[in-house]
*Asks:* 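This structure is in structure tokens; I'll ask about it shortly.
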Amino acid sequence: FITELDGLDIHFIHVRSRHKDALPLIVTHGWPGSVVELLKIIDPLANPTAHGGSAADAFDVVIPSLPRYGFSGKATSTGWDPQRIARAWVTLMKRLGYTRFVAQGGDWGAMVTDVMGTQAPPELLGIHVNWPFTVPPEIDKAAQAGGPPPSGLSADEKYAYDQLSLFYKTGTGYAVEMATRPQTLNVIADSPIGLDAWIIDHDARSYALITRVFDGQGDGLTRDDILDNVTLYWHTNTAVSSARIYWENKFTFFAPKHVAIPVAVSAFPDEVVQTPRSWAERAYPKLIYYNRLNKGGHFAAWEQPEVFAAEVRAGFKKLR
């Protein structure tokens, strides 16, 4: 569907469950993802009885395309930052007739979802994120400086610190470029190969998980999955426009935002940072669910849709 929100056309998928009392859920993608990375979770969430769940686990699923992504409109003025998108998503859910709902996100979708949590509209019961914003400031500062880990860290915290340090050293180049020069990435709009290379090389672990697919070693992802996502960017000519969210955003990528509503966290091992429970509890005072998984990465819904759907069900179980 397409609807106008705050003066901009927004594309969204809307699938109502056949089960009574399904919980309305809005799921937001990130970069370099799209609604394509979330297609596999629709049926497990809306039709749980066909995927090992019960009717009581059902969701009405809403999946919008971020502004300037995919089939959504390309804003010609500034201001479409995560705060504005968060407010627009609440308007969308209310327009669809939902007076109570939950929200989920990863990557930029997690940023929008986390901001929805800070805005805490009365209709929003809680959020689930697989990119949590939990890194303590002293940890973040040390990792950015490239120094040794602070003393007294647990094994899980040390692992997360090492991941964070590696990302700051080797994985932020694309984000810095898009945050500072979002209009000059013309090669990714002028060449399908350039676009494909830019999208696939997100972070070191995601790059490894994606490129192995082309060596016949895929676990959850296929060549078509990857090419479908790149093709959506190419045919909608949103390679450059999608970068604008990096320029619009003023939040840091890891710092807590003091979300006061219920929060569920799924910590996947191949995420940029696998959030320790201790950090999640500190960042989210109303943490209602935490699970440290042994499989799945940055694009968890895309790579492991059944595991991801089970996490969403478990995360929101207390809010039904």
Side-chain angles (χ1 to χ4, degrees), residues 1-2 10-15 27-45 51 61 63-74 104-110 130-131 170-171 173-175 177-178 182 184-246 268 270-272 295-309:
F1 301 91
I2 298 283
I10 296 295
H11 161 260
F12 66 99
I13 297 167
H14 185 201
V15 178
V27 185
T28 311
H29 67 85
W31 187 94
S34 67
V35 294
V36 167
E37 69 173 296
L38 301 174
L39 296 177
K40 297 177 187 177
I41 65 171
I42 294 175
D43 200 59
L45 293 174
H51 298 269
V61 182
I63 304 177
S65 293
L66 288 167
R68 303 188 180 99
Y69 283 69
F71 299 112
S72 283
K74 299 176 185 177
Q104 198 287 326
D107 194 85
W108 280 115
N130 52 290
W131 174 298
T170 66
Y174 73 93
E177 177 71 17
M178 292 195 289
T184 57
L185 292 167
N186 294 317
V187 66
I188 64 174
D190 192 53
S191 163
I193 295 174
L195 174 62
D196 195 48
W198 187 254
I199 282 180
I200 288 176
D201 191 10
H202 178 268
D203 65 272
R205 189 57 185 151
S206 293
Y207 183 77
L209 294 174
I210 289 173
T211 54
R212 67 178 180 168
V213 174
F214 294 91
D215 291 328
Q217 302 171 22
D219 180 10
L221 283 179
T222 68
R223 292 186 179 200
D224 281 347
D225 288 335
I226 297 162
L227 295 174
D228 284 349
N229 184 56
V230 177
T231 299
L232 179 62
Y233 275 85
W234 180 255
H235 285 299
T236 56
N237 193 26
T238 50
V240 173
S241 61
S242 63
R244 287 291 294 274
I245 193 170
Y246 284 83
F268 288 92
D270 291 316
E271 180 55 275
V272 170
K295 194 174 192 179
H298 185 71
F299 304 98
W302 207 22
E303 303 160 358
Q304 305 293 336
E306 296 287 348
V307 173
F308 185 89

*Asks:* Look up atom CZ in Phe299 and atom CD1 in Ile210, then write down how far apart they are to the nearest 0.5 Å.
*Replies:* 5.0 Å
*Asks:* Quick one: list whatever passes salt bridge (charged side-chain N to carboxylate O under 4.0 Å, His left out) with Lys40, sequence neighbours left out.
*Replies:* Asp225
*Asks:* Which heavy atom of Phe268 sits nearest a heavy atom of Gly296, and at what distance?
*Replies:* CB-O, 3.4 Å
*Asks:* What are the two closest non-hydrogen atoms of Pro67 and Ser72, and how far apart are they?
*Replies:* CA-CB, 4.2 Å
*Asks:* What heavy-atom pair brings Val35 and Pro64 nearest, and what distance separates the two atoms?
*Replies:* CG1-O, 3.8 Å
*Asks:* Over 60° means perpendicular and under 30° means parallel, so classify the ring planes of Phe12 and His14, tilted if in between.
*Replies:* tilted
*Asks:* Does anything in residues 199-212 pair up under salt bridge (charged side-chain N to carboxylate O under 4.0 Å, His left out), and if so which pairs, sequence neighbours excluded?
*Replies:* Arg205-Asp270
*Asks:* Search all heavy atoms of Glu271 against all heavy atoms of His298 and return the closest pair with its distance.
*Replies:* OE1-ND1, 2.6 Å
*Asks:* Only counting residues at least two apart or in another chain, list the ones meeting ring-ring contact (aromatic ring centres under 6.0 Å, His included) with Tyr207.
*Replies:* none
*Asks:* Can you tell me how far the CD1 atom of Ile13 sits from the CG atom of Leu38, to the nearest 0.5 Å?
*Replies:* 8.0 Å
*Asks:* Side chains of His29 and Val36: does their closest heavy-atom pair fall under 4.5 Å?
*Replies:* no
*Asks:* Quick one: are Ile226 and Ile200 in side-chain contact, heavy atoms under 4.5 Å?
*Replies:* yes
*Asks:* Please say which of Thr236, Ile245, Leu232 ends up in a side chain to side chain contact (heavy atoms under 4.5 Å, CB included) with Tyr69.
*Replies:* Ile245
*Asks:* Between Tyr233 (side chain only) and Val240 (backbone N and O only), is there a donor and an acceptor less than 3.5 Å apart?
*Replies:* no
*Asks:* Atom CH2 in Trp198, atom CD1 in Ile188: separation rounded to 0.5 Å?
*Replies:* 6.5 Å
*Asks:* Can you sort out the partners of Val230 under side-chain contact (heavy atoms from CB on, under 4.5 Å), two or more places apart, ordered by chain and number?
*Replies:* Leu195, Asp196, Ile199
*Asks:* Identify the heavy atoms of Glu306 and Pro44 that sit nearest to each other, and give their distance.
*Replies:* OE2-CG, 4.0 Å
*Asks:* Restricting to non-hydrogen atoms, name the atom on Leu185 and the atom on Ala243 that form the minimum distance, rounded to 0.1 Å.
*Replies:* CD1-CB, 4.3 Å
*Asks:* Apply ring-ring contact (aromatic ring centres under 6.0 Å, His included) to Trp108 and list each qualifying residue two or more places apart in sequence or on a separate chain.
*Replies:* Tyr246, Phe253
*Asks:* OG1 of Thr28 to CG of Asp107: how many Å apart, nearest 0.5 Å?
*Replies:* 11.0 Å
*Asks:* Within the side chain of Glu303, is there an N or O that forms a donor-acceptor pair under 3.5 Å with the backbone of Gly297?
*Replies:* yes
*Asks:* Tell me every residue that passes side-chain hydrogen bond (donor to acceptor under 3.5 Å, both in side chains) with His11, counting only those two or more places apart in sequence or in another chain.
*Replies:* Ser65
*Asks:* So how far is it from Trp31 CH2 to Thr238 OG1, rounded to the nearest 0.5 Å?
*Replies:* 11.5 Å
